[in-house]
Amino acid sequence: MMRRRPVVAYPVIFKYVDGEAGSFISVRSPNLPGLVVAASDARCALRDTEAGIARLLACPPYPAVENPNAWRLAPNEEVVLVSVDLDQWRHGSWVEL
């Protein structure tokens with residue numbers, strides 16, 4: 001029987017930024033140091049965050065998930081729970097199943 005890797009879920013912080021160059025979303029997570037994403041819209045931010053999490057979690061052990069209730073958020077930030085099925089990722093790229 002083929003061993004499945006887990007589906008993981010981590011809370012991340014979406015920060016909505018309006019700047020001179022336009023609007024974008026930056027993503028980070030206190031759970032996952034090294035996760036840095038910037039995207040033009042929420043759909044792209046979610047997709048790129050999934051990819052970033054998959055790359056960071058290429059091998060166990062996986063970091064413990066912190067409770068985001070204690071995180072201090074700015075008015076332009078929100079917590080988003082991102083789940084990633086690690087079996088859908090191969091060699092750092094997305095494989096449509």
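- For the atom pair CG of Asp41 and OH of Tyr16, the computed distance is 10.5 Å after rounding to the nearest 0.5 Å.
- Under the 4.5 Å side-chain contact rule for hydrophobic residues, Ile53 and Val79 do not share a cluster.
- Between Asn31 and Tyr10, the shortest heavy-atom contact is CB-CD2, 3.8 Å.
- A 4.5 Å side-chain heavy-atom check between Val36 and Val27 finds every atom pair outside the cut-off.
- What you find for Ala38 and Phe24 is that their closest heavy atoms are CB-CD1, 4.4 Å.
- Trp71 approaches Pro11 most closely through the heavy-atom pair CH2-O, 3.5 Å.
- Using a cut-off of 4.0 Å between Lys/Arg side-chain N and Asp/Glu carboxylate O, Arg28 and Glu77 are scored as salt-bridged.
- Here the closest heavy-atom approach between residue Leu86 and residue Ala54 is recorded as CD2-CA, 4.1 Å.
- Under the 4.5 Å side-chain contact rule for hydrophobic residues, Val12 and Leu73 do not share a cluster.
- Between Asp48 and Ala39 the shortest heavy-atom distance is OD2-CB, 4.3 Å.
- Note: Ile13 CD1 to Arg72 CZ = 12.5 Å, rounded to the nearest 0.5 Å.
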Are Leu35 and Thr49 close enough, and set up right, to give a side chain to side chain contact (heavy atoms under 4.5 Å, CB included), and what steps lead you there? CA-CA 8 Å; Leu35 178 68; Thr49 300; 4.2 Å; yes
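- To the nearest 0.5 Å, atoms SG (Cys44) and CD1 (Ile25) are separated by 9.0 Å.
- The heavy-atom pair separating Ser26 from Val17 by the smallest distance is OG-CG2, 4.5 Å.
- Atom-to-atom distance recorded for Leu57:CG and Leu32:CG is 6.0 Å, nearest 0.5 angstrom.
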